[in-house]
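To start, the structure itself, in structure tokens.
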Amino acid sequence: MNVSFDLITRRRFLGAVAGAGSAALLSGCAPSLLQTRPALDLLIVNGTVIDGTGAEGRRVDVGVREGRIVVVGNIPDATAARRIDATGLVLVPGFIDIHSHSDLNLLKDPFAPSKVRQGVTTEVTGQDGESVAPLGGSDMPRLLEEFRKEFGYDCPYRDMNGFFTLLESTGITQNIVSMVGLGTLRAVAVGFDDRPATREEIVAMGAAAVLAIEQGCRGASTGLEYTPGSFASTQELAALVGLLPAGHRLYATHMRNEDNNLLEAIQEAITIARTGGARLQVSHLKAQNKGNWPKQETALKILDKAIASGLEVHADRYPYVAFNTGLANLFPLWAREGGTKKFLGRLNDVSIRERIQADVRRKVDGLGSWDSVMISSVRNEGAKKYQGRTLQQIAAEEGVDPYEFSVALLQREDGDVGMVGFGMDEAGTEMVLAWKNAMVASDAGPHSPGDGSWPHPRSYGTFPRAIAHYQRLRKITTLPDMIRKMTSLPAGKLGLKDRGVIGEGKAADLVLFDYEKIEDRSTFTDPHRYPDGIPYVFVNGVAAVDGGVQTSAKPGRVLRGES
Ligand SMILES: [Zn+2]
């Protein structure tokens with residue numbers, strides 16, 4: 001035993017590995033066993049550990065056993081099944097993507113490479129008011145049919161518990177947390193009509209939300225620019241949030257508006273959280289459209305004031321100046337009432353089509369021009385050629401009117417067209433990301449090269465870009481603080497007690513990156529590119545990325561609310 005071995009660290013180390021006979025081994029009782037069973041599964045030495053709390057980096061070793069960090073300290077003589085020399089690398093907790101759209105995509109691609117390769121070890125799904133369950137109401141047959149078409153088998157679940165169990169049986173690379181979507185609950189209880197919920201319907205939605213949380217969801221989300229979530233009033237949402245179990249009143253909201261009425265929408269989010277006794281998470285906080293950019297600062301001031309008054313408020317944001325949504329969202333909400341079929345019908349209704357068109361053109365003017373709208377995803381093979389091109393480019397190249405083209409495309413694709421909108425500014429993006437309670441999140445689903453999609457680059461580059469561009473290059477904050485925004489801050493918000501920090505006893509979700517080389521490489525015109533500079537990612541102590549290559553491991557767990 002090395003005499004310089006720190007006694008306190010050693011004692012903690014021994015305690016941590018006791019139970020497997022290792023304590024006896026290390027104290028010299030049975031050296032032969034020490035050779036047959038290393039004390040640690042993994043030992044990472046010579047790295048700079050930034051522990052996620054915001055504290056400065058320090059040179060310590062980190063030992064992992066059975067999926068947990070069992071020692072953080074200097075343990076030069078410890079034995080380990082695997083030893084990684086992390087000289088020149090930074091070791092941080094795995095990134096927690098607190099606003100993700102992986103959901104059902106995980107059934108198709110449980111390895112979620114675009115997320116895992118950037119260091120994401122936990123994703124939080126069920127966002128924007130939409131969770132994969134519970135299923136029910138008039139829309140259920142359509143959802144079951146869609147599931148069957150998409151996956152080739154009958155949907156085996158009806159509630160969140162069933163979905164979690166399915167994920168556990170198929171296996172996942174990252175850990176998964178889910179919110180329950182209040183829009184989903186409204187679709188089941190009320191349907192897609194624009195009317196207030198009755199008392200009975202509110203009680204039914206409340207009971208469904210409580211059940212979803214009992215089954216493992218960690219809070220509720222809304223998407224108030226989407227149907228049918230948008231049809232819920234402030235009062236209805238406050239009442240619903242207030243029905244959630246006290247310890248799980250996390251309210252994550254894609255607000256009612258993010259452009260001309262951004263400030264009013266923020267006030268509404270605060271009112272709902274305050275009245276419902278909830279902790280607030282503003283999803284993808286941003287001021288959209290040039291005319292609204294000055295509102296970003298005011299928005300943060302309003303949130304700061306709410307914090308000063310005692311409300312817990314955080315926001316998440318992806319590090320890009322373009323958003324990603326459905327092309328249908330360029331169209332007025334009233335035109336979308338009642339579901340896709342009615343929406344597509346209205347686009348050709350001579351009595352209202354002019355009004356719809358005027359509304360859309362106003363919205364596009366607000367964004368800038370048709371060049372600010374890029375088609376990002378379509379369903380049919382024949383329309384794939386439009387992916388990655390702006391409506392301006394398509395109009396010029398094909399000699400069509402961009403509005404008429406949009407309508408025709410929506411008709412052909414049954415409403416399922418994705419768009420990227422270049423609507424934000426760098427200054428506002430930096431202001432949000434630098435804010436003390438901002439968390440980094442992708443707002444994206446998982447992708448892999450060759451999957452036929454044209455994703456927003458945030459699916460591949462969110463976390464490395466926040467580090468490389470906004471911290472290293474633009475220096476909007478320190479590296480330990482940027483890491484905090486990706487780790488301990490979201491873990492605390494979600495109540496994940498044993499993640500988000502490198503500490504003894506914590507789950508071994510770990511990322512090793514080269515601070516000089518880390519770089520997002522995915523772009524709007526060439527999106528399927530993995531980032532550079534992230535050689536290792538561990539989930540629950542198992543290598544998900546090893547030497548820069550993704551393994552076939554699926555060590556992820558569904559974090560059902562007990563840990
Ligand atoms: Zn959203």
Quick one: does Q174's side chain get under 4.5 Å of T122's, heavy atoms only?
no

Keeping to residues at least two apart or across chains, list the ring-ring contact (aromatic ring centres under 6.0 Å, His included) pairs with something in residues 274-308.
H99-H284, H254-H284

Check the pair V90, V511 against side chain to side chain contact (heavy atoms under 4.5 Å, CB included), reporting the backbone distance first and the verdict last.
CA-CA 8 Å; V90 181; V511 177; over 6 Å; no

How long is the straight-line distance from CG of L250 back to CZ of R218, given to the nearest 0.5 Å?
10.0 Å

Does the distance from a Lys or Arg side-chain N to an Asp or Glu carboxylate O, for E519 and R472, drop under 4.0 Å?
yes

Any salt bridge (charged side-chain N to carboxylate O under 4.0 Å, His left out) pairs touching residues 328-344, not counting sequence neighbours?
none

Any side-chain to backbone donor/acceptor pair from N324 onto M419? Under 3.5 Å, distance only.
yes

Any side-chain to backbone donor/acceptor pair from S114 onto S459? Under 3.5 Å, distance only.
yes

Please examine the side chains of T298 and L262, heavy atoms only from C-beta on, and report whether any two atoms are closer than 4.5 Å.
no

Going by atom types alone, do Q471 and Y515 pair a side-chain donor with an acceptor below 3.5 Å?
yes

Side-chain heavy atoms of V177 within contact of T125, under 4.5 Å:
no

So which heavy atom on V420 is nearest to which on A322, and how close?
CG1-CB, 3.7 Å

Are T390 and W370 packed together at the side-chain level, in the sense that at least one heavy-atom pair is separated by less than 4.5 angstrom?
no

Regarding N105 and K108, is there a side-chain donor-to-acceptor distance under 3.5 Å anywhere?
no

Is it the case that T253 and T222 place a side-chain donor and acceptor less than 3.5 Å from each other?
yes

Kindly indicate whether the side chain of V190, heavy atoms from C-beta on, has any atom under 4.5 Å from the side chain of M205.
yes

Partners passing salt bridge (Lys or Arg N to Asp or Glu O under 4.0 Å) against E430 (at least two apart in sequence or in another chain)
R474

Can you list the residues that meet the salt bridge (Lys or Arg N to Asp or Glu O under 4.0 Å) rule with D371, with sequence neighbours excluded?
none

Answer yes if the side chains of R353 and Q357 hold a donor-acceptor pair under 3.5 Å, and no otherwise.
no

State, with a plain yes or no, whether a side-chain heavy atom of L185 is found less than 4.5 Å away from one of P134.
yes

Pairing of R484 and D481 as salt bridge, 4.0 angstrom limit
yes

Student check: side-chain heavy atoms of L182 and S221 closer than 4.5 Å
no

Taking N380's backbone N and O only, do any of them form a donor-acceptor pair with E413's side chain (distance below 3.5 Å, no angle check)?
yes

Between R362 and D359, is the salt bridge (charged side-chain N to carboxylate O under 4.0 Å, His left out) condition met? List the steps.
CA-CA 5 Å; R362 242 194 324 274; D359 231 85; 3.1 Å; yes

Report yes or no: does K485 contribute a side-chain atom to a donor-acceptor pair with the main-chain N or O of N437 at less than 3.5 Å?
no

For the side chain of Q127 and the backbone of V124, is there at least one donor-acceptor N/O pair under 3.5 Å apart?
yes

Say whether, by atom type as modelled, one donor and one acceptor occur between the side chain of S376 and the main chain of G418 under 3.5 angstrom.
yes

Just how far is it from atom CD1 of I96 to atom CD1 of I98, taken to the nearest 0.5 Å?
7.5 Å

ring-ring contact (aromatic ring centres under 6.0 Å, His included) pairs touching residues 260-280, sequence neighbours excluded, are none

For the pair K517 and D532, find out whether any cationic side-chain nitrogen is under 4.0 Å from an anionic carboxylate oxygen.
no

Parallel under 30°, tilted from 30 to 60°, perpendicular over 60°: which one fits the rings of H447 and Y460?
parallel

Considering only residues two or more places apart or on different chains, which pairs with a residue in residues 262-272 satisfy salt bridge (charged side-chain N to carboxylate O under 4.0 Å, His left out)?
R256-E268

Are any of the side-chain heavy atoms of F95 and V440 separated by less than 4.5 Å?
no

With sequence neighbours excluded, tell me which residues meet salt bridge (Lys or Arg N to Asp or Glu O under 4.0 Å) with D103.
none

Is a side-chain donor-acceptor pair under 3.5 Å present for E426 with Y470?
yes

Contact summary for S102 and K115, nearest pair of heavy atoms:
OG-NZ, 3.8 Å

Between D509 and N175, a side-chain donor and acceptor under 3.5 Å
yes

Under-4.0 Å salt bridge between R379 and E146
yes

Applied to residues 312-324, the salt bridge (charged side-chain N to carboxylate O under 4.0 Å, His left out) test, sequence neighbours excluded, yields R279-E312, E312-K493

What residues form a salt bridge (Lys or Arg N to Asp or Glu O under 4.0 Å) with R465, not counting sequence neighbours?
D520

Quick one: pull up OG1 in T271 and CD in Q235 and give me the separation to the nearest 0.5 Å.
9.5 Å

Tightest non-hydrogen contact, residues G57 and I50, listed as CA-CG1, 3.7 Å

By side chain to side chain donor-acceptor pair (under 3.5 Å), which residues pair with S372, not counting sequence neighbours?
none

Nearest 0.5 Å, please: how far is CD1 in I394 from CZ in F405?
4.0 Å

Quick one: closest heavy-atom pair of M160 and S131, and the distance?
SD-CB, 4.3 Å

For E236, does the CD atom have more than 12 heavy-atom neighbours from other residues, nucleotides or ligands under 6.0 Å away?
yes

Side-chain (D425) to main-chain (G428) donor-acceptor, under 3.5 angstrom:
yes

Can D259 and N261 be counted as having a side-chain donor-acceptor contact under 3.5 angstrom?
no

If you measure from OG1 on T340 to CG on L410, what distance do you get to the nearest 0.5 Å?
10.0 Å

Could you measure the distance from the CG atom of D349 to the CD1 atom of I352? Nearest 0.5 Å is fine.
4.0 Å

Might you point out which heavy atoms bring G423 and L367 nearest each other, and give the distance in Å?
CA-CD2, 3.6 Å

Please find the pair of heavy atoms, one from H528 and one from P455, that lie closest to each other, and give the distance.
NE2-CD, 3.4 Å

Looking at H456 versus F524, is the centre-to-centre ring distance below 6.0 Å?
yes

With a cut-off of under 6.0 Å to the ring centre and 45° to the axis, is R389 in cation-pi contact with W454?
no

Tell me which pairs pass ring-ring contact (aromatic ring centres under 6.0 Å, His included) where either residue lies in residues 229-252, with sequence neighbours left out.
none

Could you verify whether a donor N or O on one side chain and an acceptor N or O on the other, from T487 and R499, lie under 3.5 Å apart?
no

Listing request: all salt bridge (charged side-chain N to carboxylate O under 4.0 Å, His left out) pairs with a residue in residues 435-447, at least two apart in sequence or in separate chains.
D304-K436, D443-R458

